[in-house]
Amino acid sequence: MVFLQYLISGISIGSIYAIIALGYTMVYGIAKMLNFAHGDVIMVGGYISFCTTSYLGLPGWVSVVFAVAVCTVLGVVIEGLAYRPLRQAGSLAVLITAIGVSYLLQNAAQLIWGATPKNFTSLVNFAVPEFLSRLNVSGVMLVTVVACIVIMLGLTWFTSRTKLGKAMRACSEDRGAAQLMGINVNRTISMTFAIGSALAAIAGVLLCSYSPVLQPTTGSMPGIKAFTAAVFGGIGSIPGAFLGGVLLGIIEAMARAYLSTNLANSIVFAVLIIVLLVRPAGLLGKYVPEKV
Amino acid sequence: MLKVNDINVYYGAIHAIKGVSFEVQAGEVVTLIGANGAGKSTILNTVSGLLHPKTGSIEFLGKSLTGVPAHKIVARGLAQVPEGRRIFLQMTVEENLEMGAFTQPNSTVDPGIQRVYEQFPRLKERRRQIAGTLSGGEQQMLAMGRALMADPKLLMLDEPSMGLAPILVDQIFEIIERLHQAGTTILLVEQNAQMALSVADRGYVLETGKIVATGTGQELLNNEAVKQAYLGG
Ligand SMILES: Nc1ncnc2c1ncn2[C@@H]1O[C@H](COP(=O)(O)OP(=O)(O)OP(=O)(O)O)[C@@H](O)[C@H]1O
Ligand SMILES: [Mg+2]
């Protein structure tokens, strides 16, 4: 019974990691860059939601719409201003810029909302059926898991069935060839950031509903863990990010319960290192043979 | 149809194309031949808008292409089959064709795919296969089919025979002839000068970024210097 509860809590926190990891993996897969500021977009999403509910008194779902809208625009602006000029630059320059953007967002948040943590009131507060509540399943957990599955399936459908989704995959493989097809690469990459950032906003609201302390650094640790999860599952792979996120949540919950609360994070990263030693491309990542 | 006017193209400090001018009339097959590194691909990529000339101008169907981004040039009716094919290896054959029709209205995509399948029945058999698993010849057919999906008025082919067995080379040239007869204008870049000149109406010979000879296919085939350099004496 206790084990089951740990498992459930692991799956639900893992689902949040998975939603963040899906954003990471989309951006990495298509723009071929690690957007280290992704975690901080989560934090911005949390603050926007907090402000719309606490200061403007609007209902929870409206605040989610607001958070998604603001973060989507933020993601597109960050890409356009910070990353697009570096399209031809080395990956190290891009990485350092991303870290810079991350600090910029954290400091801007501190300037606007202060360093004192805000107490986020969970947006999900419906009662779950008796048999679920006996297992300590809360409404947030349920919503998180369902949201995560829906998002994963939605992205899979989007990238495999829609014209824009396919164009994203084409850009991911060969930007020059994609341009020769008439695909606007800049706009496609911009759309990828829009999607990733919208997911970050949703993750931010869920994360804050889950653990209500909201401060400028709120997004950092979940961001790093979700990045780990994306690599763990095979970066660039949508099902991989999902699997990686959920597994990471479970491993973390188990490590916390049975090994050590303090070492839980270290254990998570140790598992990542071991997996990558055995499978360098991650669990579902694949090497595609190229024919010359 | 295509007019290239005294273009100069640089890679950083490297002056790759030095004052090249040529033109392609509607309905013609024009070939650009030259040794490795002469600048053939650079010219095609400049026409496609992937590279930009420092000076000079390019005109297509009477309109300047200066400053027009690559993705908009395709929509004007100018498609390129790039060197090394560059198909999307992780996508299926059919998805590759769909990408070729990216600028086309949705309603024309399916008929377009059917037309390509008629030209290349082999692709139809493999429509659901991941492109990376096709043979070299099939990949070349896919690359050509993909470019045709854009319904181009001018088709530019960059070394379509590269790396193919002689029998496949013949097939590819047959397809080029067929496209020509169907009215497609073609700019063909080749190292296989013999083949290229025999299908071409006119040709240009490129040497280290400059055009050094021009004439009809027959004239160039009989040109002493060309024979020496490209046709094995
Ligand atoms: N990306 C690049 N950066 C720097 N120099 C380049 C680049 N691409 C090509 N060049 C140089 O420009 C010149 C022309 O190259 P280009 O690829 O156009 O030749 P090509 O005629 O297509 O040769 P090939 O028959 O081998 O394909 C060469 O000297 C080449 O080294
Ligand atoms: Mg070349």
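This one's a predicted model, so the numbers in the text were calculated from it and none came from an experiment. Every chain is numbered from 1 and lettered A, B, ... according to where its sequence line falls, protein lines coming before strand lines.
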Does any backbone or side-chain atom of [X] lie under 4.5 Å from a heavy atom of chain A? Answer side chain, backbone, both or neither.
X: B/L78; result: neither
X: B/A75; result: neither
X: B/N45; result: neither

Are more than 12 heavy atoms from other residues, nucleotides or ligands located less than 6.0 Å from atom [atom1] of [X]?
X: A/Y103; atom1: OH; value: no
X: B/R127; atom1: CZ; value: yes
X: A/L277; atom1: CG; value: yes
X: B/K3; atom1: NZ; value: no
X: B/K72; atom1: NZ; value: no
X: B/F22; atom1: CZ; value: yes

Decide, yes or no, whether a salt bridge links A/K166 with B/E98 under the criterion of side-chain N to carboxylate O below 4.0 Å.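 Salt bridge present between A/K166 and B/E98.
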So that I can tick it off, tell me whether A/E173 and B/R86 are bridged by a salt bridge, with the cut-off set at under 4.0 angstrom between side-chain N and carboxylate O.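 No, this pair does not count.
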Please state whether the side chain, the backbone, both or neither of A/S160 comes within less than 4.5 Å of a heavy atom of chain B.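 It is the backbone, since no side chain atom gets that close.
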Student check: side-chain heavy atoms of A/R169 and B/Q90 closer than 4.5 Å: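 No, every pair of side-chain atoms sits at 4.5 Å or beyond.
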Intermediate values then yes/no, side chain to side chain contact (heavy atoms under 4.5 Å, CB included), A/M181 and B/V74: CA-CA 7 Å; A/M181 302 299 109; B/V74 192; over 6 Å; no
Which of B/M162, B/R146, B/Q80 touches chain A most, by non-hydrogen pairs under 4.5 Å: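 Option with the top pair count is B/R146.
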Mind checking the CZ-SG spacing from B/F88 to A/C171? Nearest 0.5 Å is all I need.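 Here the rounded value is 7.5 Å.
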Spatial distance of atom CG (A/L180) from atom NE2 (B/H71) [nearest 0.5 Å]: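 Result: 12.0 Å between the selected atoms.
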